[in-house]
Q: 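Before I ask anything, let me first share the structure, which is written out below as structure tokens.
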Amino acid sequence: MHKVIFDTDPGVDDAMALLFLHHHPDIDLIGITTVFGNAAIETTTRNALFLKREWQIAAPVARGLAETLDPARPQADWPTFIHGDDGLGNIGVPGTIDLPLDPRPAHRFIIDAVRADPGAVTLVAVGRMTNLALALKEDPGIAGLVRQVVIMGGAFDVPGNVTPAAEANIHGDPEAADAVFTAPWPVVAVGLDVTMRTVMTRAALATIAEAGGARARLLADISAFYIGFYEGIVDDGMVVHDSCACAYVVAPELFSTRSGAVRVVCGGIADGMTVQKPDGRRFGPSDWDGRPSQSVCTGIDADAVLALIARTLAPSHRA
Ligand SMILES: [Ca+2]
């Protein structure tokens, strides 16, 4: 069983990932922490509460940070053209959801949960790494107590998606991402190298919606706008970025990884670029030296991951 805290900025593909974690029998979802990114923190937190209510998720929601670790960084516009004005595909999420938030800020929730169960908690972070970086800053000792950190983020051997250099979650807070990659905890980066190959077709989503009942139908409604964004980028359907990171937690054998220290470029034209120094390769002295080796996903059995997601979202569905 994997005890998971889901750090998220819902977000359409976040919603699918959340339903995956909620349904998967090997996952014990112990908390949802929100971060700004796909929308402002008020919106992503409201969306987390909305999904908690609609899907009857027991895990508490703790609100996270509203701005980058370095407050001097300029704030870009929200990507409403991808996730809609409401962050969930313009389905008309109510303005407020009458459910309580955990009283703690997200980073404190993470620290407390990790300290309460040393060695047991997996952090799955599919937004900007801001909450994780602040948790490390406040309590560096948690690094040795976390089971693993699985992130959706980065672009290693492929171009980025916000700039040619950088993927969105990393580009949104490069300093935070560098802190996460260089901390002494095991990080697995599930980045664009593998997520861009993992495309759920319209037909597959429709099958899930048919088999999975009301929960899956809501997910399909949320996803329609996002599928529109992906027209012209993929042949048909949607890239399931965040669900890939969740699939890694329960089925790492469906991925291949490369080990080595990872640094994030902070500033300049390659702002937010993720660069790995592969273990075993010799270089001159560099800023990668003495940093922990982390795992970067370089390969994926996309068909098997999509089948796993389909089975999990709609338990009656046989892929
Ligand atoms: Ca996300």
Side-chain angles (χ1 to χ4, degrees), residues 8-20 23 37-38 78-91 126-127 151-171 189-212 215-248 251 253-257 274 296-314 317-319:
T8 178
D9 60 339
V12 173
D13 60 318
D14 301 72
M16 180 183 287
L18 178 60
L19 190 57
F20 179 94
H23 277 184
N38 288 329
W78 310 119
T80 52
F81 56 101
I82 304 173
H83 295 274
D85 294 313
D86 65 2
L88 288 179
N90 289 338
I91 57 162
V126 298
I151 70 160
M152 189 280 132
F156 293 86
D157 301 341
V158 298
N161 57 0
V162 173
T163 74
E167 179 278 330
N169 286 341
I170 307 296
H171 186 263
V190 181
L192 299 182
D193 302 70
V194 295
T195 65
M196 286 303 294
R197 296 187 231 163
T198 313
V199 181
M200 182 176 287
T201 64
R202 286 179 171 88
L205 184 63
T207 304
I208 291 167
E210 215 166 279
R215 288 178 181 176
R217 283 198 299 278
L218 175 62
L219 183 67
D221 289 346
I222 289 170
S223 302
F225 184 87
Y226 185 81
I227 287 172
F229 166 75
Y230 272 105
E231 270 175 21
I233 299 175
V234 300
D235 286 343
D236 167 40
M238 62 187 276
V239 180
V240 294
H241 296 289
D242 292 352
S243 292
C244 287
C246 300
Y248 181 90
E253 69 279 3
L254 301 180
F255 298 77
S256 50
T257 60
T274 46
V296 165
C297 289
T298 53
I300 186 170
D301 183 342
D303 289 342
V305 167
L306 288 164
L308 168 63
I309 294 169
R311 278 199 307 278
T312 307
L313 295 179
H317 174 63
R318 295 282 174 269

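As a basis for the values below, the full set of heavy atoms in this structure was taken, side chains included, without hydrogen atoms, waters or symmetry mates.
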Q: Can you measure from CG (Asp14) to OG1 (Thr8) and round to the nearest 0.5 angstrom?
A: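 If I round to the nearest 0.5 Å, the distance is 3.5 Å.
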
Q: Quick one: does Glu253's side chain get under 4.5 Å of Asp301's, heavy atoms only?
A: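 Counting from C-beta outward, Glu253 and Asp301 never come under 4.5 Å.
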
Q: Calculate, to the nearest 0.5 Å, the distance between atoms CG and CZ belonging to Leu313 and Arg215 respectively.
A: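 Going from the CG atom of Leu313 to the CZ atom of Arg215 covers 11.0 Å.
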
Q: Which atom names give the shortest non-hydrogen contact between Phe255 and Cys297, and what distance separates them?
A: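 In terms of heavy atoms, the two residues are closest at CD2-SG, 3.9 Å.
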
Q: Which heavy atom of Leu88 sits nearest a heavy atom of Pro10, and at what distance?
A: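 Shortest heavy-atom separation between Leu88 and Pro10 comes out as CD2-C, 4.2 Å.
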
Q: When rounded to the nearest 0.5 angstrom, what is the spacing between CG in Asp235 and OG1 in Thr201?
A: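 Interatomic distance, Asp235 CG to Thr201 OG1, rounded to 0.5 Å: 11.0 Å.
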
Q: Taking the side chain as every heavy atom from C-beta outward, state whether Val239 and Asp13 have any atom pair closer than 4.5 Å.
A: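 Val239 does not reach Asp13 side chain to side chain.
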
Q: Could you tell me if the side chain of Arg217 sits less than 4.5 Å from the side chain of Glu210, heavy atoms only?
A: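 In short, these two side chains do not touch, never coming nearer than 4.5 Å.
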
Q: Give a yes-or-no answer on whether the side chains of Thr298 and Asp193 include a donor-acceptor pair shorter than 3.5 Å.
A: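 The criterion, which ignores hydrogens and geometry beyond distance, is not satisfied for Asp193 and Thr298.
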
Q: Has the side chain of Asn38 got a donor or acceptor atom that lies under 3.5 Å from a matching backbone atom of Gly87?
A: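 Pair absent, no side-chain N/O of Asn38 close to backbone of Gly87.
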
Q: Mind checking the SG-CZ spacing from Cys244 to Arg197? Nearest 0.5 Å is all I need.
A: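 Answer for the SG-CZ pair, Cys244 versus Arg197, is 10.5 Å.
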
Q: Any side-chain heavy atom of Ile151 within less than 4.5 Å of one from Val190?
A: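 No, side chains not in contact.
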
Q: Would you please name every residue forming a ring-ring contact (aromatic ring centres under 6.0 Å, His included) with Tyr226, sequence neighbours left out?
A: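 Tyr226: ring-ring contact (aromatic ring centres under 6.0 Å, His included) contacts with His83, Tyr230.
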
Q: Of the non-hydrogen atoms in Asp86 and Gly89, which two are nearest, and what is the gap between them?
A: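 Looking at all heavy atoms of both residues, the closest pair is OD1-N, 3.4 Å.
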
Q: When rounded to the nearest 0.5 angstrom, what is the spacing between OG1 in Thr198 and CG in Asp303?
A: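 Reported value, rounded in 0.5 Å steps: 9.0 Å.
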
Q: I need the minimum non-hydrogen distance between Ala209 and Ala216, along with the two atoms involved.
A: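 Taking Ala209 first and Ala216 second, the nearest heavy atoms are CA-CB, 3.9 Å.
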
Q: So which atom in Ser243 and which in Ile309 form the shortest heavy-atom distance, rounded to 0.1 Å?
A: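 Where Ser243 meets Ile309 most closely, the heavy atoms are CB-CD1, 3.6 Å.
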
Q: Tell me, do Phe20 and Leu308 make a side-chain contact under 4.5 Å, heavy atoms counted?
A: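 Contact flag for Phe20/Leu308 side chains = yes.
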
Q: Contact between Ile300 and Tyr248 at the side-chain level, heavy atoms closer than 4.5 Å - yes or no?
A: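 No; the side chains remain at least 4.5 Å from each other.
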
Q: For residues 152-168, tabulate all N or O donor-acceptor pairs below 3.5 Å that involve a side-chain atom, not counting sequence neighbours.
A:
residue: Asp157; atom: OD1; partner: Arg258; partner atom: NH2; Å: 3.3
residue: Asp157; atom: OD2; partner: Arg258; partner atom: NH1; Å: 2.9
residue: Asn161; atom: OD1; partner: Ala168; partner atom: N; Å: 2.9
residue: Thr163; atom: OG1; partner: Ala165; partner atom: N; Å: 3.0
residue: Thr163; atom: OG1; partner: Ala166; partner atom: N; Å: 3.0
residue: Glu167; atom: OE1; partner: Gly154; partner atom: N; Å: 3.0
residue: Glu167; atom: OE1; partner: Asn169; partner atom: N; Å: 3.0
residue: Glu167; atom: OE1; partner: Ile170; partner atom: N; Å: 3.1
residue: Glu167; atom: OE2; partner: Asn169; partner atom: N; Å: 3.0

Q: Do Val240 and Met16 come within less than 4.5 Å of each other through their side chains, counting heavy atoms only?
A: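 In contact.
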
Q: Report yes if some heavy atom in the side chain of Leu19 is under 4.5 Å from a heavy atom in the side chain of Thr312; otherwise report no.
A: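 Not touching, per the 4.5 Å side-chain cut-off.
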
Q: So which atom in Phe225 and which in Asn90 form the shortest heavy-atom distance, rounded to 0.1 Å?
A: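 Closest pair (atom of Phe225, atom of Asn90, distance): CE1-ND2, 3.6 Å.
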
